[in-house]
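One structure below.
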2 protein chains.
Amino acid sequence: MPREALWSAIAATLRAEIAEGAYAPGARLPTEAELSARFGVNRHTLRRALSDLANAGLVVSRRGSGVFVATRPTDYQLGRRVRFHQNVTASGRTPSRRISRLETRPARPEEAEVLDLQEGAAVHVIEGVSLADGLPLAAFQSVFPADRFPGLLAAMEGQSSVTAALTACGLTDYTRKETRLKAKLADPVLALALQVQPGTPVLRSVAVNVDAAGSAIEYGTTWFAGDRVTLMVSPDQP
Amino acid sequence: MPREALWSAIAATLRAEIAEGAYAPGARLPTEAELSARFGVNRHTLRRALSDLANAGLVVSRRGSGVFVATRPTDYQLGRRVRFHQNVTASGRTPSRRISRLETRPARPEEAEVLDLQEGAAVHVIEGVSLADGLPLAAFQSVFPADRFPGLLAAMEGQSSVTAALTACGLTDYTRKETRLKAKLADPVLALALQVQPGTPVLRSVAVNVDAAGSAIEYGTTWFAGDRVTLMVSPDQP
DNA sequence: CCGTATGATTTGTCTAGTTGTATAGTATAT
DNA sequence: ATATACTATACAACTAGACAAATCATACGG
């Protein structure tokens, strides 16, 4: 009977340390060179162990960067009134946003239709990435009618909460009217923004938000990193 | 009367050559392929001879690396204030240390309890192997409260004496408060670190060191290679 | 201040050599 | 006949070294 293979024992050790919290989710493991020195094995043997962990979905390795502890998939509640920050804090993490684009441009036909605008009317576009504990969870693009919120982009300067900016523009409340979901593959640009491998699955959510009066005020698209987020669709509350 | 087996004769030849110093302790023997060619036998037959030597503790083989000539055991004094270097030099050997891991991570419940910390408080972890004349005698893991010794890991960089690093952090003296001993079997990872066969007996020592004021400052575990070390427990001196 | 270039670091892949293990077959002594 | 010793072959596990590809940090020039 063959005794336990070295790589297997090493994998078990690392597994236990990850489980004990020695390496937090999202954290980088020591380099392969350091780990192989620590265990006193050749780098190939260590890589065999890492490949076992990666196969089990416990770690993700990125060439040139390192090996990272995989984040357990987050449940992301998709409801009429749930915002990003609540979602992330509810799972015990620290939410943050990185805004990458603020601009005003003519509405595209589809956007104009949804937002009930004339084709070519000006819209504000906000693009960015939402993160939990510094790890990208989703990339988003939101389109707002410019004439309804003239100072929106200015209100976004220096802070990152879209909800707060909308409030500053006089919108007290808004709810999600409809959401369409689709599974896609991340193209290189999206993969970069989400820090995943190109070709990994992504959940694209297209949502329309309406104000209290029921008129559309936001046309938002969100791309969730499929391996980090599980979307929970809850029944609508009236 | 059965004439002596081939493998037995080969083993005797190698035994004699090792005894004559043709292969120094720690040196690598020729590869199995070379030796089997030299004696004109199949590799299996030669391996039967080698296995005889290994069983007698004369050689140690490492897969992928080669077969090495082994060395003799040491007495290791276990006292309140005895350090590793003194122990090894006392037995006429050259001590050395190989540090394999320097990290800071959250304390595990047991460690927090012993070191009187809050659960999850940061601790420094130092792992390595202690050697005599280049041969591993013991593998150790030491855990220190990070807030008590903020610069400990930095002090360990570029040198290997834990005592010196502690001194650099302002700790002038410490003594062993308690030691628990247990016999265990080496798992593959530990076996590799100690350069013994997996499954060979190992002495695990769990010790708590305290400073002059009596507060715990180190939670250390040491695994001694059972066939290379004899532990001597001396009565405590007040 | 920003983009670029460059060098160092880190993971991915390949080739080759060494010991460990398993299976099957052959010769020989009892 | 039947163990026992040895041969033959094949594959698995691990080591060793080299190079490629991606990334990151830093310095430099506009």
Side-chain angles (χ1 to χ4, degrees), chain A residues 1-12 14 23 27-55 58-70 100 134 136 186 188-189 191-200, chain B residues 1-12 14 27-55 58-70 187-193 195-200:
Chain A
M1 188 128 95
R3 63 166 187 263
E4 185 183 19
L6 204 42
W7 65 263
S8 176
I10 292 175
L14 291 176
Y23 303 109
R28 219 193 78 171
L29 293 186
T31 68
E32 293 180 352
E34 285 168 351
L35 283 177
S36 54
R38 170 186 157 194
F39 289 107
V41 299
N42 190 271
R43 199 179 129 227
H44 285 306
T45 307
L46 183 100
R47 280 176 61 75
R48 177 71 183 84
L50 282 185
S51 124
D52 188 57
L53 297 195
N55 204 284
L58 278 165
V59 300
V60 178
S61 60
R62 287 210 290 275
R63 174 189 287 200
S65 179
V67 180
F68 300 82
V69 178
S100 57
V189 175
L192 184 67
L194 290 178
Q195 288 181 28
V196 298
Q197 306 283 354
T200 52
Chain B
M1 184 89 150
R3 76 157 186 264
E4 186 178 24
L6 243 189
W7 66 264
S8 180
I10 294 175
L14 291 175
R28 216 193 83 165
L29 294 186
T31 69
E32 294 179 352
E34 286 168 353
L35 284 177
S36 55
R38 168 185 159 195
F39 291 105
V41 298
N42 187 272
R43 198 179 131 226
H44 282 304
T45 307
L46 181 99
R47 280 177 61 74
R48 178 69 184 82
L50 282 185
S51 126
D52 188 56
L53 297 197
N55 204 282
L58 280 168
V59 300
V60 178
S61 60
R62 291 218 334 215
R63 174 187 295 202
S65 182
V67 180
F68 302 83
V69 181
D187 63 57
V189 174
L190 181 58
L192 183 69
Q195 286 181 32
V196 298
Q197 303 290 345
T200 52

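Below, chain A is the first sequence line, B the second, and so on; all start at residue 1. Keep in mind that this is a model prediction, so the values were computed, not measured.
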Is [X] near enough to [N] that one of its side-chain N or O atoms lies under 4.0 angstrom from OP1 or OP2?
{"X": "A/Thr45", "N": "D/dT15", "value": "yes"}
{"X": "A/Thr31", "N": "C/dT9", "value": "no"}
{"X": "A/Ser65", "N": "D/dC24", "value": "yes"}
{"X": "B/Trp7", "N": "D/dA5", "value": "no"}
{"X": "A/Ser61", "N": "C/dT10", "value": "no"}

When rounded to the nearest 0.5 angstrom, what distance separates [atom1] in [X] from [atom2] in [Y]?
{"X": "A/Leu35", "Y": "A/Arg47", "atom1": "CG", "atom2": "CZ", "value": "12.0 Å"}
{"X": "B/Arg43", "Y": "B/Leu50", "atom1": "CZ", "atom2": "CG", "value": "10.0 Å"}
{"X": "B/Glu34", "Y": "B/Leu46", "atom1": "CD", "atom2": "CG", "value": "11.0 Å"}
{"X": "B/Thr45", "Y": "B/Trp7", "atom1": "OG1", "atom2": "CH2", "value": "11.0 Å"}
{"X": "B/Leu58", "Y": "B/Phe68", "atom1": "CG", "atom2": "CZ", "value": "15.5 Å"}

What contact category does B/Arg48 fall into here, base, sugar-phosphate, or nothing, at under 4.0 angstrom with non-hydrogen atoms?
nothing
Scan B/Arg47 against the nucleic acid and name what it touches under 4.0 Å (heavy atoms): base, sugar-phosphate only, or nothing.
base
Could you give the [atom1]-to-[atom2] distance, from [X] to [N], as a whole number of Å?
{"X": "B/Leu50", "N": "C/dG20", "atom1": "CG", "atom2": "P", "result": "8 Å"}
{"X": "B/Ile10", "N": "D/dA5", "atom1": "CD1", "atom2": "P", "result": "14 Å"}
{"X": "A/Asn42", "N": "D/dA18", "atom1": "CG", "atom2": "P", "result": "13 Å"}
{"X": "A/Leu46", "N": "D/dA16", "atom1": "CG", "atom2": "P", "result": "14 Å"}
{"X": "B/Arg63", "N": "D/dA16", "atom1": "CZ", "atom2": "P", "result": "14 Å"}
{"X": "B/Leu35", "N": "C/dT18", "atom1": "CG", "atom2": "P", "result": "12 Å"}

5'-most by nearest nucleotide on DNA chain D - B/Val41 or A/Val41
B/Val41
Say whether, by atom type as modelled, one donor and one acceptor occur between the side chain of A/Ser36 and the main chain of A/Ala33 under 3.5 angstrom.
yes
Between the side chain of A/Arg38 and the main-chain N/O of A/Pro30, is any donor-acceptor distance below 3.5 Å?
no
Taking the nucleotide of DNA chain C with the closest heavy atom to each, which residue, B/Arg62 or A/Arg43, is nearer the 5' end?
A/Arg43
With distance as the sole criterion, do the side chain of A/His44 and the base of D/dG17 form a donor-acceptor contact below 3.5 Å?
yes
Write down the protein N/O and nucleotide N/O pairs, taken from nucleotides 24-27 of chain C, whose separation is under 3.5 Å; answer none if there are no such pairs.
none

